[in-house]
Enquirer: 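What follows is a single structure, and I will ask about it in a moment.
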There are 2 protein chains.
Amino acid sequence: MAQATGPSRSHPATLSDVARLAGVSVATASKALNGRSQVRAETRQRVIEAAERLSFRPNQVARGLLAGRTGTVGLLTSDLEGRFSIPILMGAEDAFGAGEVAVFLCDARGDAIREQHHVRALLGRRVDGLIVVGSRTDPRPSLGRELPVPVVYAYAPSDDTEDLSIVPDNVGAGRIAVDHLLACGRTRIAHITGDPGYLAARERAEGAGAALADAGLTLVGRPRFGAWSEGWGRAATAILLDQHPDVDAVLCGSDQIARGVIDVLRERGHRVPEDVAVMGFDNWRVLTSASRPPLTSVDMNLEQVGRAAAHALFTAIGGARRSGVESLPCRVVIRGSTAPLS
Amino acid sequence: MAQATGPSRSHPATLSDVARLAGVSVATASKALNGRSQVRAETRQRVIEAAERLSFRPNQVARGLLAGRTGTVGLLTSDLEGRFSIPILMGAEDAFGAGEVAVFLCDARGDAIREQHHVRALLGRRVDGLIVVGSRTDPRPSLGRELPVPVVYAYAPSDDTEDLSIVPDNVGAGRIAVDHLLACGRTRIAHITGDPGYLAARERAEGAGAALADAGLTLVGRPRFGAWSEGWGRAATAILLDQHPDVDAVLCGSDQIARGVIDVLRERGHRVPEDVAVMGFDNWRVLTSASRPPLTSVDMNLEQVGRAAAHALFTAIGGARRSGVESLPCRVVIRGSTAPLS
DNA sequence: AAACGAACCGAAAAGGCTTTCAGAGACGCT
DNA sequence: AGCGTCTCTGAAAGCCTTTTCGGTTCGTTT
């Protein structure tokens, strides 16, 4: 039943086309299509049919001009490459897409100038709000208070506490990770993690330490900061085993580190998880499921962060402003690399 | 020098605000700011200063309504999760961002219904064009010929040859991969790759076979199709070594497979690259640089694909329509896992 | 029969911008 | 002085939709 001649490449139908075809005025056509009550049912039907025949889609641009709200938001990422931005972005896109909001994507490539440029461009397009997604949890410069639209920061909080930021709770993440290891009966727990220049690394270590203290324990040695790489995981494990051969769990700052740790443990003849339990961080599927055994990991619920940011922005557009840093809980995803001591 | 009272949260300045402040009409103000020639230099200067004082940014929505072109495009991905979409998206965003085009991001989550919904929404916003990004290189259903704006398909080509699609040249990729191994003096080359349901897997195998044939050689055994996982890489390697212990190179269908291959090779006492050279596919940094040794891999130049798609769309909006499937060359990134036989 | 609501419809304005066209000065020429 | 020519400027139309408000038609009430 293909239509012989669709509307095709000519100008899309406008409301006045519909009105003409239905034999009413544009005003009536508008009311009919928008469910306004001052239209006779029969007339409304005629208009709807006309609209369908012309496959009329109301021009959101015109609508936006009139309403003062465009139904668009800007999503400003600092680097798409980083794998943390993507899930957040997905969550936000998802939360908005369900409504009638469209998302402009802008990647600043970590450059402040480019970021400014994008902000200007987005404001020129009269977005109703902005979400700023960072690639690390360290605070970042605020876009300022003088913007004409609300802004929500996701993952990387703003350094201005008047702004609203949504971040994962990395201290809590450290706690629940250790809690899981304790629940598995482990007591000699080491922590190998990434670059100490990252707040995430320091906070996770802090949380881990606090959970251990609550149980009357301490970490085996100090937290071993280094790099977010497999290489560091391997190197640190070698040292760890030399110093503390009796360790029975290693909490790692990332899944990459964890893979390095597991490799060296196996090479040195330690069984995972029987002798040593290993936990990662980030719950990055490629790494967790490919490792032997599959890796227990902490998931930061980044999609959730994205959705929460979208939701917060939505309510802020509605007028309800919040501020401060709100942190969302993380969760432990249990796989084969951790198990109770038998 | 902070301004005491910025434009802040009040309505952004409009052109008529600027005109009033400069003491001219909106028409003149418009011409002055847009570089039209029919304005005295002195008047223009006055207008520009007024615009600056009010930090005036022209309303792109109004401009779009008038011009009939909005300076926006829709970027329709089928799944953001997949790692192939991201670089393409970055490339496209980059190519457009440099100009004055803004990108609407929509993720269909692999659902045709949702895709349709997004297309409708985007057309309602009067995007000037559409880029459809797929997650595998197998052809996908066309959006149809009746759309009012040009469409370019990236990575996953349309099944309608009247559409324009930009894809990586996977056959060529298989060729250059084998060429590199041949250049390293390898002659007993095996191919372990992923799911044969993927066109990419079949095409790469085809290209590899062709390059070998050109050299008067054949693969060691047949291409070993399986899954895109480390696990399959390990399993296939075990079988391969049993059947052909003299193999001197393994071309893998993905970096994940390659990591599995390398692991088993090492465990069985084969040195990489001295005894066996190993190549991956996709050039996925996390995997290539973390493996021991770092992995030589074929990069599909996906950012390039994204940029090319953006560029093609741009010219199509300008009126120059192309059609068919255009494939872009891949490149070999050489790291430690391949080296000349000494 | 006159008046009154209710129900329905359409003209017009608004939103911010660009462009066209006509008008206003300024200037030089005959 | 009168005329044509430039150079600037501004009024107004147009883009597409929504909303307000005034007008018309009916049926109902006194």
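All values reported here derive from a predicted model rather than from experimental measurement. Here is how names work: the chains are called A, B, and so on, in the same order as the sequence lines, proteins then strands, and each is numbered from 1.
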Enquirer: Figure out the CG/P separation between Leu66(B) and dA13(D), and round it to whole Å.
Expert: 15 Å
Enquirer: Sort and list the pairs that fulfil ring-ring contact (aromatic ring centres under 6.0 Å, His included) and have at least one residue in residues 134-163 of chain A, not counting sequence neighbours.
Expert: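 ring-ring contact (aromatic ring centres under 6.0 Å, His included) check on residues 134-163 of chain A returns Phe84(A)-Tyr155(A).
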Enquirer: Looking for any heavy atom pair under 4.0 Å, which part of the strands does Val24(A) touch: base, sugar-phosphate only, or nothing?
Expert: sugar-phosphate
Enquirer: Run Asp107(B) and Thr77(B) through side chain to side chain donor-acceptor pair (under 3.5 Å) and show every step you take.
Expert: CA-CA 5 Å; Asp107(B) 185 7; Thr77(B) 70; 3.2 Å; yes
Enquirer: Residues in side chain to side chain contact (heavy atoms under 4.5 Å, CB included) with Thr315(B), at least two apart?
Expert: His311(B), Arg322(B)
Enquirer: Could I get the full list of salt bridge (charged side-chain N to carboxylate O under 4.0 Å, His left out) partners for Arg57(B), not counting sequence neighbours?
Expert: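 With sequence neighbours excluded, Arg57(B) shows a salt bridge (charged side-chain N to carboxylate O under 4.0 Å, His left out) to no residue whatsoever.
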Enquirer: Holding to side-chain hydrogen bond (donor to acceptor under 3.5 Å, both in side chains), I want the full list of residues that pass it with Asp160(B), two or more places apart in sequence or in another chain.
Expert: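 side-chain hydrogen bond (donor to acceptor under 3.5 Å, both in side chains) list for Asp160(B), sorted by chain: Arg145(B).
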Enquirer: Quick one: Arg125(B) CZ to dC16(D) C1', roughly how many Å, whole number?
Expert: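 For the pair Arg125(B) CZ and dC16(D) C1', the rounded distance is 15 Å.
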Enquirer: For Arg46(B) and dT9(D), give me the distance from atom CZ to atom C1', rounded to whole Å.
Expert: 11 Å
Enquirer: Tell me every residue that passes side chain to side chain contact (heavy atoms under 4.5 Å, CB included) with Ala121(A), counting only those two or more places apart in sequence or in another chain.
Expert: none
Enquirer: Under the salt bridge (Lys or Arg N to Asp or Glu O under 4.0 Å) definition, can you give me all pairs with a residue in residues 115-132 of chain A, not counting sequence neighbours?
Expert: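 Matches after skipping sequence neighbours: Arg69(A)-Asp128(A), Glu115(A)-Arg140(A).
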Enquirer: Need to verify one output field. Residue with the more 5' nearest nucleotide on DNA chain D, Thr43(B) or Leu65(B)?
Expert: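 In this pair, the answer is Thr43(B).
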Enquirer: Which whole-number value in Å describes the distance from Arg40(A) CZ to dT24(D) P?
Expert: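 Computing the Arg40(A):CZ to dT24(D):P distance gives 17 Å.
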Enquirer: In whole angstrom, what separates Asn59(B)'s CG from dC16(D)'s P?
Expert: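 To the nearest whole Å, that distance equals 16 Å.
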Enquirer: Taking for each residue the nucleotide of DNA chain C bearing the nearest heavy atom, is the 5' side occupied by Ala62(B) or by Ala41(A)?
Expert: Ala41(A)
Enquirer: With sequence neighbours excluded, give me every ring-ring contact (aromatic ring centres under 6.0 Å, His included) pair touching residues 99-149 of chain A.
Expert: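 As it turns out, the ring-ring contact (aromatic ring centres under 6.0 Å, His included) pairs with a partner in residues 99-149 of chain A, which skip direct neighbours, are Phe104(A)-Phe104(B).
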Enquirer: Is the shortest distance from a Lys or Arg side-chain nitrogen in Arg307(B) or Glu303(B) to a carboxylate oxygen in the other one below 4.0 Å?
Expert: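 Looking at Glu303(B) together with Arg307(B), the answer is yes, because their closest N to O distance falls below 4.0 Å.
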Enquirer: Within residues 28-39 of chain A, find the residues that approach DNA chain C with a heavy atom at under 4.0 Å, and present them sorted by residue number.
Expert: Thr28(A), Lys31(A), Gln38(A), Val39(A)
Enquirer: Tell me, please, which residues at least two apart from Ser25(B) pass side chain to side chain contact (heavy atoms under 4.5 Å, CB included).
Expert: Ala27(B), Thr28(B)
Enquirer: Along DNA chain C, 5' to 3', what are the outermost nucleotides having an atom less than 4.0 Å from a heavy atom of chain B?
Expert: dG16(C) to dT20(C)
Enquirer: Can you name the residues that form a side chain to side chain contact (heavy atoms under 4.5 Å, CB included) with Leu33(A), not counting sequence neighbours?
Expert: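 Here the qualifying residues are Leu15(A), Val47(A), Ile48(A), Ala51(A), Phe56(A).
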Enquirer: Please report the end-to-end axis angle for the helix from dA1(C)-dT30(D) to dT30(C)-dA1(D), five pairs per end, rounded to 10 degrees.
Expert: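 Here the helix ends are tilted 80° relative to one another.
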Enquirer: Round to the nearest Å and state the distance from Leu15(B) atom CG to dA12(D) atom P.
Expert: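 Rounded to the whole Å, the gap is 17 Å.
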Enquirer: Report yes if at least one side-chain N or O of Arg63(A) is closer than 4.0 Å to OP1 or OP2 of dC16(D); otherwise report no.
Expert: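 Result: no.
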